[in-house]
Every structure is written in structure tokens, then in C-alpha cells.
Amino acid sequence: MTTTETTPETLLTSVDPATGEVIATYTVDDEEAVRAAVAKARAAAGTWGALSYGERRKYLQRWESQLVADSEAFCTLIHRENGKPLDDAFLELMLALEHIAWAAKNAKKVLGSKRVSPGALMSNFSARLEYRPLGVVGVIGPWNYPVYTPNGSIGYALAAGNTVVFKPSEYSTGIGNFLVEAFKKANPELPEGVFETVNGYGATGAALVRSGVDKIAFTGSTATGKRIMAAAAETLTPVLLECGGKDAVIVAGDADVKAAADAVAWGATANSGQTCAGVERVYVDRSVREEFVAEVKRILTEVKPGSGAGAHYGPMTMPSQIDIVRRHIEDALKKGGTAVLGGPESVKGPFIEPVVLVDVDEDSEAVAEETFGPTVTIKTVDGIDEAVELANKSKYGLSSAVYSKKSGLEIARRLRVGATSVNSVLAFAAIPGLPFGGVGDSGIGRIHGEPGLREFARPHSIAMQRFAIPGMALLSYSRSESTMNLLRKMVPFLHGRHK
Ligand code: NAD
């Protein structure tokens with residue numbers, strides 16, 4: 001069964017991953033169509049960029065309200081095209097709205113004109129730091145959180161005054177287009193081109209990278225991220241890359257074991273495990289291992305995938321991922337791991353039941369590579385040092401979680417990642433003021449929060465001479481010998497007194 005088919009390459013058919021039923025067919029945008037969309041966005045960039053922060057906030061808030069008004073239809077579409085349960089679709093929409101609202105509200109504070117101290121030697125100047133929009137931002141999105149994830153870029157880029165051309169994943173084309181239609185419906189007086197989509201597969205995304213946009217904000221796999229960065233280098237187009245993860249949870253000896261097990265069970269399997277910052281690995285202290293493993297198993301025994309009302313999570317959205325998940329489970333078992341819940345037989349077509357693997361070799365694919373399925377590996381460690389060392393060994397460094405009653409913050413500070421939840425999982429992603437993004441193979445740059453707004457703006461420094469100081473013309477051939485003598489006295493006073 002496939003979720004997306006080409007008939008031929010000029011068309012993209014979106015289908016329900018649970019049933020194979022056709023939802024809609026879209027025309028694939030080729031290079032010329034992508035360039036036309038970018039030209040439209042370029043034409044609108046002047047108008048949108050010249051609005052005040054307050055005006056842009058009003059348009060973004062109207063978009064929020066439109067999405068709320070249309071939320072039932074939108075969540076039904078998310079459920080059908082992506083497979084996730086309706087409640088999860090609603091939670092995703094709610095989180096995306098929180099981010100759009102935060103970006104709209106805080107853009108002025110973060111990017112508005114600010115005075116900077118000119119320093120003693122330039123005290124006859126006033127100095128200002130201002131931010132300008134980049135122009136047109138190309139956003140390339142994934143399918144796993146097709147509303148929340150791209151809005152970490154779209155909402156923030158728009159709030160910073162850029163126009164946006166969005167290429168949704170080929171597995172969430174309808175959802176991406178719904179977002180844009182809602183924006184247009186909410187703001188009919190805006191010119192065409194403030195927020196547009198281009199539809200298609202990787203080739204359409206590649207055309208967007210080559211189209212002359214002022215920045216590419218990509219969310220997806222590390223392999224594609226590397227390809228995009230290489231292509232963007234040709235035109236020195238800056239990139240923001242939000243890529244994969246292999247997030248670890250550390251369960252210390254003093255953890256609330258039941259709470260940790262509850263969070264790990266959910267964090268590993270929610271959204272069928274198709275979460276970039278989902279729980280993939282656990283390092284649990286030997287003193288609490290038995291209780292922890294038993295509790296995770298007890299909870300997940302009751303958790304079932306499906307597409308009906310009672311399902312905890314849905315099908316795998318992308319058919320090719322099913323084989324990867326099966327391969328990781330098999331590799332874990334071949335390399336000495338044990339399945340305490342499920343196994344290769346848990347892979348049932350597009351639905352994969354929860355799989356809990358213990359004592360898996362750290363070099364097996366199930367520990368080293370992103371599985372992106374409802375599976376989790378649990379390894380016993382002797383103390384926090386070992387847990388931190390193993391957690392940090394991954395080539396990925398997206399996020400992490402720590403369970404400890406006394407030392408959560410201390411352990412969190414030792415982790416080589418972009419974000420950590422202490423005594424919870426994934427909490428950082430729901431706090432709009434906190435930046436999100438990774439190190440290593442997890443990507444470059446940050447979405448969300450203040451850094452997330454600055455990603456989509458160009459700092460512009462302005463130094464303005466308020467008055468001339470006679471004889472103190474440093475930046476002029478009229479500089480006098482007495483000025484230099486004065487400076488020779490001042491510099492040791494300013495910088496030469498530190499012992
Ligand atoms: P993917 O890399 O296959 O595709 C992502 C997007 O890139 C799609 O829109 C696709 O059409 C496009 N694309 C493919 N080839 C391209 C090319 N050569 N040039 C330009 N665009 C191209 O990823 P996916 O399967 O859609 O998403 C899953 C991945 O995304 C996982 O690795 C997951 O961890 C990651 N992810 C990361 C975050 C984050 O914030 N760090 C969030 C969600 C998902």
C-alpha cells in the first residue's frame with residue numbers, strides 16, 4: 001500500500017495512510033511554477049515588510065481565529081491525510097496557534113529598534129540595532145507534524161516581515177494548502193503572495209532552494225538537509241535545518257519511576273513514534289531498572305494503534321518507514337537485545353504495535369539510527385556519568401529528558417542537545433519562548449522563541465554622529481597628534497589595568 005502515488009510525475013495523489021483511499025490530487029509545481037510563486041512573494045514582500053509589527057500581528061491573529069473557526073474540518077483532514085487521531089490533530093493545531101501568537105506578539109520586542117551604548121571612544125555617536133526582514137523565505141516541511149513543525153518557521157518568518165513560499169511534504173499537501181487558504185480567507189485585503197504554497201515531491205523543494213529566495217527553512221531528514229545545504233551553497237542562500245533526532249531519556253536512581261515510565265511510554269509511541277524529538281533511547285539506573293521496565297511494559301501492553309475513535313495512535317504515515325522500523329527491531333534482537341514487549345511481529349501493515357527492547361547493543365541500528373516508529377530501547381547504567389556519556393555519544397543532538405528528584409537540572413546541563421525536559425518529556429516544544437533545534441546531525445539554527453524570530457531577520461547596525469568633537473576626528477585624515485597623545489593615555493586607562 002502506498003500513501004502517495006505519481007500518475008505521471010505531474011500529479012500528486014494524496015491518500016489516507018490507514019485505508020489507501022484517495023483524498024485529493026494536486027498538480028506538481030515544476031521549476032517554472034516555483035519561480036512564479038517566488039516572484040509573487042517577492043512582489044508582496046515590499047507591502048508586507050513595510051507594515052508595522054502591530055499591523056502584521058493583527059493579520060496573524062485573524063489567521064489564528066480562522067484556523068480556530070475551521071478547526072473541525074482541519075482536524076478531520078489532518079486525521080485523514082496524516083493518520084493521527086483527531087485529539088492529537090487538535091493538540092497539534094493548538095500548539096501551532098500558541099507559536100503563531102507568540103511570534104506575532106513578540107516580534108516588535110525582539111526585532112524592534114534598540115539603542116546600543118556607543119562606548120567611551122565613540123561617545124559623540126548614537127548607536128542603534130535594527131532588524132529588517134530578509135525578503136522571501138522558502139519553507140520546506142515534513143509530514144509528521146504537518147501544522148506545528150512548519151509553523152515554527154512560517155509563523156515566525158511572517159511575524160518578522162517576510163513573505164513565505166511553503167512546500168509541504170508530499171504526504172501532507174492538503175494540510176499545507178489548508179493553512180495557506182485559511183490565511184488568505186482571514187485576510188482578503190492583503191495582496192497575493194504574502195503566504196503561498198508550491199506542491200510536489202523533492203524536486204519541487206529542490207527548485208525552491210534554487211529559486212533565489214532569501215533563506216531556506218527546512219524541516220525533515222538529515223540526509224535531505226545535507227543535500228539542501230549543498231545546493232544552497234551555490235547561491236550562498238542561508239539555511240535553517242531542523243533535522244532528525246535520537247533522543248535519550250535518563251532515569252536516575254532518585255527518579256519518580258512511575259512518572260518516568262508514564263512519560264517514556266507516551267513519548268516513544270505517540271504519533272506512532274514519528275516525532276523528531278520523541279523518546280528513542282532510555283538509560284535507566286540499575287537500582288530502579290526492574291520497576292521501570294515493568295511499568296513501561298504494563299502501560300504499553302494496553303496501548304493500541306488504529307484509525308478508529310479508541311486508537312492511541314495511528315498508522316505509519318510514510319510506507320517506506322515501516323521496513324526501517326522492522327529492520328531496527330530485527331537488528332536489535334540479532335545483536336543480543338531482548339524484546340520485553342512485541343517484536344518483529346508487531347509490525348502489522350501500516351499499524352505497528354509498541355515494541356520495548358532492552359539491553360540492545362549500542363552499535364545496533366535501533367540505538368544509533370533514528371527509528372521513527374513506536375519502539376524504545378532501554379539500557380541499564382551504573383550511575384549518571386555512564387548515562388550522560390552514552391546519551392551524548394549519538395551523532396544526533398536534538399533534545400532529551402531527565403528524570404531525577406534532586407539533580408535534574410545538573411544532569412540536563414551536561415547533555416549535548418538543543419533542549420531538555422526535566423521530569424517530563426517534550427515540554428520545551430510547547431513553550432513558545434524556548435528555542436528549538438539541535439546540534440550535530442540534528443541540524444543548524446533555531447526555530448521558536450527570540451532566536452527563532454532573529455533567524456528570519458537581518459541585523460542592521462546604524463551609528464549616527466550626534467556632534468563632532470574638535471580635534472577628536474578618529475575617522476579622518478585631519479586627526480591630530482594631540483588626539484593620538486590623548487588616546488595613548490586613555491587606552492591603558494580603559495584596557496590596561498586588569499591584573
Ligand atoms: P524528508 O527529508 O524526506 O522530506 C522533508 C521535505 O523535504 C519534504 O517536503 C520533501 O519533499 C522535501 N525534499 C526532499 N528532497 C528534497 C531536496 N533534494 N531538496 C529540497 N527538498 C527536498 O523528511 P520527512 O520524511 O518528510 O520527515 C521526517 C524527518 O523529519 C525525520 O528525520 C524527523 O526527525 C525530521 N523532523 C525534524 C524536526 C525538527 O524540528 N528537528 C521536526 C519534524 C521532523
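Whatever order the structure lists ligands and atoms in, that order sets their numbers, starting from 1. Throughout, numbering of the chain's residues begins at 1 and tracks the sequence.
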Open item on the list: Can you confirm whether more than 12 heavy atoms, excluding those of Asp87, are under 6.0 Å from its CG atom?
Closed with: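 No, because the 6.0 Å sphere around CG of Asp87 holds 12 heavy atoms or fewer from other groups.
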
Open item on the list: Can you confirm whether more than 12 heavy atoms, excluding those of Lys335, are under 6.0 Å from its NZ atom?
Closed with: yes

Task: Val251 and its side-chain contact (heavy atoms from CB on, under 4.5 Å) partner, picked from Val296, Val402, Val282, Val381 - done: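 Looking at Val296, Val402, Val282, Val381, the match for Val251 under the side-chain contact (heavy atoms from CB on, under 4.5 Å) is Val282.
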
Atom indices of ligand 1 within 4.0 angstrom of [X] heavy atoms, with elements:
| X | result |
| --- | --- |
| Gly141 | 5 (C), 6 (C), 8 (C), 9 (O) |
| Trp143 | 24 (P), 25 (O), 26 (O), 27 (O) |
| Gly205 | 19 (N), 20 (C), 21 (N) |
| Pro142 | 26 (O), 27 (O), 43 (C), 44 (C) |
| Lys167 | 8 (C), 9 (O), 10 (C), 11 (O) |
| Thr149 | 42 (C), 43 (C) |
| Gly202 | 11 (O), 13 (N), 14 (C), 15 (N), 16 (C), 17 (C), 19 (N), 20 (C), 21 (N), 22 (C) |
| Glu170 | 8 (C), 9 (O), 10 (C), 11 (O) |

Task: Within 45° cone of Phe372 ring axis and under 6.0 Å: Lys246 NZ or CZ - done: no

Open item on the list: I want to check a possible cation-pi pair here: Arg56 against Tyr53, using under 6.0 Å from ring centre and within 45° of the ring axis as the test.
Closed with: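 Checked: cation-pi criterion met.
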
Hey, is ligand 1 close enough to [X] that some N/O pair sits below 3.5 Å?
| X | result |
| --- | --- |
| Ser221 | yes |
| Ile447 | no |
| Arg227 | no |
| Gly220 | yes |
| Ile140 | no |
| Thr224 | yes |

Note the single closest protein heavy atom to [atom], along with its residue, its atom name and the distance in Å.
| atom | answer |
| --- | --- |
| atom 40 (O) of ligand 1 | Phe436 CE2, 3.2 Å |
| atom 34 (O) of ligand 1 | Glu370 OE2, 2.5 Å |
| atom 42 (C) of ligand 1 | Cys276 SG, 3.0 Å |
| atom 41 (N) of ligand 1 | Cys243 O, 2.8 Å |

For [Y], is there an ion pair with [X] - N to carboxylate O distance below 4.0 angstrom?
| X | Y | value |
| --- | --- | --- |
| Lys184 | Glu196 | yes |
| Glu455 | Lys215 | yes |
| Lys393 | Glu389 | no |

Task: Residue part near ligand 1, for Asn144, under 4.0 Å between non-hydrogen atoms - done: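 Side chain only.
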
Open item on the list: Under 4.0 Å, heavy-atom basis, I'd like to know which part of Ile228 is in contact with ligand 1: side chain, backbone, both or neither.
Closed with: side chain

Task: Test ring-ring contact (aromatic ring centres under 6.0 Å, His included) applied to His448 and Tyr148, step by step - done: CA-CA 11 Å; His448 304 167; Tyr148 170 78; 5.7 Å; yes

Open item on the list: I need the His99 NE2 to Ile447 CD1 distance, nearest 0.5 Å.
Closed with: 7.0 Å

TODO: To the nearest 0.5 angstrom, please state how far the CD1 atom of Ile154 sits from the CD1 atom of Ile100.
DONE: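 Spacing of CD1 (Ile154) from CD1 (Ile100) equals 8.0 Å.
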
Open item on the list: For Trp48 and Tyr59, take the angle between the two ring planes, folded into 0 to 90°, and tell me which bin it lands in: parallel under 30, tilted 30 to 60, perpendicular over 60.
Closed with: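 Ring orientation of Trp48 relative to Tyr59: tilted.
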
Open item on the list: When you measure from the heavy atoms of Gly443 to every atom of ligand 1, does any distance fall below 4.0 Å?
Closed with: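 Contact check Gly443 vs ligand 1: negative.
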
Task: Verdict with reasoning, Phe183 to Phe195, per ring-ring contact (aromatic ring centres under 6.0 Å, His included) - done: CA-CA 8 Å; Phe183 183 85; Phe195 181 21; 5.7 Å; yes

Task: Option with minimal heavy-atom separation from atom 5 (C) of ligand 1, where the choices are Tyr171, Phe372, Phe218 - done: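 Heavy atom nearest to atom 5 (C) of ligand 1 belongs to Phe218.
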
Task: Exercise check, heavy-atom protein proximity under 4.0 Å to atom 7 (O) of ligand 1 - done: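 There is a protein heavy atom less than 4.0 Å from atom 7 (O) of ligand 1.
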
- [ ] Flag the pair Ile329 / Thr371 as yes when at least one side-chain heavy-atom distance between them is below 4.5 Å, and no otherwise.
- [x]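 A side-chain contact is absent here, since even the closest heavy-atom pair is not under 4.5 Å.
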
